[in-house]
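Quick note on labels: first sequence line is chain A, next is B, and so on, each numbered from 1. The basis for the numbers below is simple: all heavy atoms, side chains too, and nothing from hydrogens, waters or symmetry mates.
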Amino acid sequence: MTSAGASGMALEVRGCDQMNLFADIRELVVAELQALMSDGVLPAGLDLAGVAVEPPRDAGHGDMATNAAMVLAKPAGLQPRAIADALAVRLMEDPRVAGADVAGPGFLNLRLEPAAWHGLVRDVLAQGEGYGRSALGQGRKVNVEFVSANPTGPMHVAHARGAVVGDALANLLAYAGFNVTREYYINDGGGQVDVLARSAYERYREAHGLSPEIAEGLYPGDYLIPVGEALKAKFGDSLLDKGEQYWLADVREFATDMMMEMIRGDLAALGVSMDVYSSEKALYGTGQIEAAIETLRSKGLIYTGTLEPPKGKTPEDWEPREQTLFRSTAFGDDQDRPVQKSDGSWTYFAPDIAYHYNKVMRGFDELINIFGADHSGYVKRLKAVVSALSENRVTLDIKLIQLVKLLKGGQIVKMSKRAGTFVTLRDLIDEVGADVVRFVMLTRKNDVALDFDFDKVTEQSKDNPVFYVQYANARVNSILRKAREAGLDVSDATLGAAHLTHLGHAAELDVMRKLGEWPRMVEIAARGNEPHRVAFYLYELASDFHALWNRGNDDDSLRFLQEDAGVSQAKIALVRSVGVVICAGLGILGVTPVEEMR
RNA sequence: GCACCCGUAGCUCAGCUGGAUAGAGUGCUGCCCUCCGAAGGCAGAGGUCGAAGGUUCGAAUCCUUCCGGGUGCGCCA
């Protein structure tokens, strides 16, 4: 939602004062390892790519841990401990490092000086929601294609998850320094839009007082009634009692446009806006499909042949047919795939090839498609197409979105298009709100099924992750409000200049450590195209913050508002930092932060 | 038959592209409000990471083979 200026911002932040404590310490470790190499303690020319600086699993081990000694032991021909000891001595000389202990099989556990964490808080306040933005993407052009629902009706819940994941992923990638385009591929070239046209025509007849004949296979939904009315308004009675050949094309275009209008509205209600809408139909008759196929043919990947029937269960009506095929088996697919039907017309795969060719030609470095899990069989052939057409320059990552199971009162909400009981995206948003829909849809990895429990998501307890995170943010704002009422200056500038040496308790350090993980988390999530990690991170941050808050009940010195204004400001600086990161994270998820719970 | 995805605490799920004694929530047991919002927090119990092999300093994570569940498999997109 706030991604418009993202790529420019990332470039700006890139460089010197981009704060990422883990990255900084890794740089330090690498520098010291290089020094050890030039001193002859380590053999020269070691590959340091595998050296990682990570949060230790157990916080008791310290603030950060590096595996350097273990990954280098073998290539260096030395004992891990010997490397770790030598490295520890050098690292201790850095003012940020308070301790470096060798542990376990050769981990080097680092404890940082409180001042390092204080610097982090100052940085969060100085950079605001820019804290955590990354230059990882280096402005590379990435295209995220998602939703792409057929323009034949309103969006329903099955589309919602893909829409949310795609949009949050786009936000995430923009935040991580990619130049992102959100794109919707309109499937307006196939038989289903003819069905739409015929269905709408019946509603048009209905608008003229005739009784509609919704034959088997047509779309029965009420949402087409206004389309019928609009057709009447536009065409009067000129289409009545005419054969399909007189009206099909016009009605199809008109109805498709209205459906897309409705879908745009549905997306907007969910907070999604696309940068580009591409039309399948627009590929026909322009030579683009032919050109794409010819390009593949020139690589020897197109031929005429006959497919074997699938082993195991052969379809009843199977008969061998000669078709134009794409050699996707050359890329690991199970079988070659037809691009032309036996009558010579294109299969749905052909325009898809042209569409992906088009994306490659537009200069994208990376393509990401968000598909429903029922498209799993489609993945290999599309990847094959992209790598063939781009000479392996462009990568295609396909995220398959598993089903959403709706639960209400402990019961599964059965959805049937025919029975008209499917739940539309609008219904869902009207009932629980777009923020809840978005957050909950991001609390699972894309490739596992998701239960969406109406009762839980509207509940105000920590069962409900949306509420839990929002509550943390509300508490942050509550503190700021109280402080202002007490006449304290809590502007970010003032807080950033506070004497943060007042922060040092273990519970406070826990929160600071978690804040320190944010930029690292962004990069991990962006590298894997996994926006759900942001949701989980926010939950953890909220948890650490709630814990700190409650410590104040037992220990007065941990309360945020103290007698001494300077001490208060230091504490509030930390509180405010938590709010900044929560807002940044919610921004990526596309969820509106609430300042007060109601 | 083949391909892809999933299998982690009673239940719902995380798990950083191979790291340390596998973590949350929920449920169960016991605690914490004169208090910055208890709509919260703390502690305890609870595991053969579906199974068996393999790769190496080291595997829930990578490889192989099984078992169980889901999805898909030429003129629908």
Students often get this wrong, so: under 4.0 angstrom with heavy atoms, is Pro320(A) touching a base, only sugar-phosphate, or nothing?
base

Tell me: CG of Asp194(A) to C1' of C76(B), nearest whole Å?
13 Å

Here the distance between atom C1' of C42(B) and atom CG of Leu558(A), to the nearest Å, is 14 Å

Choosing from C36(B), G74(B), G15(B), which nucleotide comes nearest the side chain of His532(A)?
G15(B)

Closest to the Asp451(A) side chain: C4(B), G40(B), U12(B)?
U12(B)

Quick note, Tyr468(A) side chain, CB onward, closest among C36(B), G41(B), A14(B) is G41(B)

Does the ring of Phe107(A) lie flat against the base of A20(B), closer than 5.5 Å centre to centre with planes under 30°?
yes

Can you list every pair that meets salt bridge (charged side-chain N to carboxylate O under 4.0 Å, His left out) and has a residue in residues 548-571 of chain A, with sequence neighbours left out?
Glu508(A)-Lys571(A)

Is there a Watson-Crick or G-U wobble partner for C49(B) with both distances under 3.5 Å, and if so, which one is it?
none

Under 4.0 Å, counting only non-hydrogen atoms across every strand here, what does Asp352(A) touch: a base, just sugar-phosphate, or nothing?
nothing

Tell which nucleotide pairs with C16(B), taking only Watson-Crick or G-U wobble pairs whose two distances are both under 3.5 angstrom.
none

Any donor-acceptor N/O pair under 3.5 Å between C16(B) base and Arg520(A) side chain
yes

Among G74(B), C36(B), C13(B), which is the nearest nucleotide to the side chain of Leu561(A)?
C36(B)

Scan Pro56(A) against the nucleic acid and name what it touches under 4.0 Å (heavy atoms): base, sugar-phosphate only, or nothing.
base

So, Asp510(A) and Arg513(A), do they make that salt bridge, N to O below 4.0 Å?
yes

Using the side-chain heavy atoms of Lys341(A), tell me which of these nucleotides is nearest: C36(B), C16(B), A77(B).
A77(B)

Across every strand shown, the nucleotide meeting Watson-Crick or G-U wobble geometry with U21(B) (both distances under 3.5 Å) is none

Using a 4.0 Å heavy-atom cut-off across all strands, classify Glu540(A) as base, sugar-phosphate, or nothing.
nothing

Of the options C36(B), G1(B), G41(B), whose atoms approach the side-chain atoms of Ile479(A) most closely?
C36(B)

Between His375(A) and Glu319(A), name the one whose nearest nucleotide on RNA chain B is closer to the 5' end.
Glu319(A)

What contact category does Val193(A) fall into here, base, sugar-phosphate, or nothing, at under 4.0 angstrom with non-hydrogen atoms?
nothing

Take nucleotides 21-34 of chain B nucleotide by nucleotide from the 5' end and write B, S or -, depending on whether a protein heavy atom sits under 4.0 Å from the base, only from the sugar-phosphate, or from neither.
-S-SSS-----S--

Asp334(A) CG to A3(B) C1', straight-line distance once rounded to whole Å
4 Å

Should Tyr378(A) be listed as having a side-chain N or O under 4.0 Å from OP1 or OP2 of C5(B)?
no

With rounding to the closest Å, how many angstrom separate the C1' atoms on A9(B) and G44(B)?
15 Å

Nucleotide forming a Watson-Crick or wobble pair with U34(B), both distances under 3.5 Å:
none

Looking at Glu517(A) and Lys514(A), is there a salt bridge between them, counting it only when a charged N and a carboxylate O are closer than 4.0 Å?
yes

Taking CZ from Phe545(A) and P from A38(B), how many angstroms apart are they, rounded to a whole number?
11 Å

Can you check the distance between A59(B) and C2(B), where both ends of the measurement are the C1' atom (answer in whole Å)?
29 Å

From the set A20(B), C36(B), C75(B), return the single nucleotide nearest to any side-chain atom of Arg321(A).
C75(B)

Rounded to whole angstroms, how far apart are CE on Met70(A) and C1' on G18(B)?
10 Å

Side chain of His546(A) (C-beta onward), nearest among A77(B), G74(B), G41(B):
G41(B)

Look at the side chain of Ser376(A) and decide which nucleotide, out of G72(B), A20(B), C75(B), has an atom nearest to it.
G72(B)

Syn or anti conformation of C33(B), syn meaning chi within 90° of 0
syn

5' priority, RNA chain B, between Val448(A) and Gly528(A) [closest heavy atom]
Val448(A)

Hunt down the Watson-Crick or G-U wobble partner of A3(B), both distances under 3.5 Å, from any strand shown, or write none.
U71(B)

Tyr471(A) has its side chain closest, among C36(B), C5(B), A38(B), to A38(B)

Opposite nucleotide pairing with G10(B), Watson-Crick or G-U, both atom distances under 3.5 Å:
U26(B)

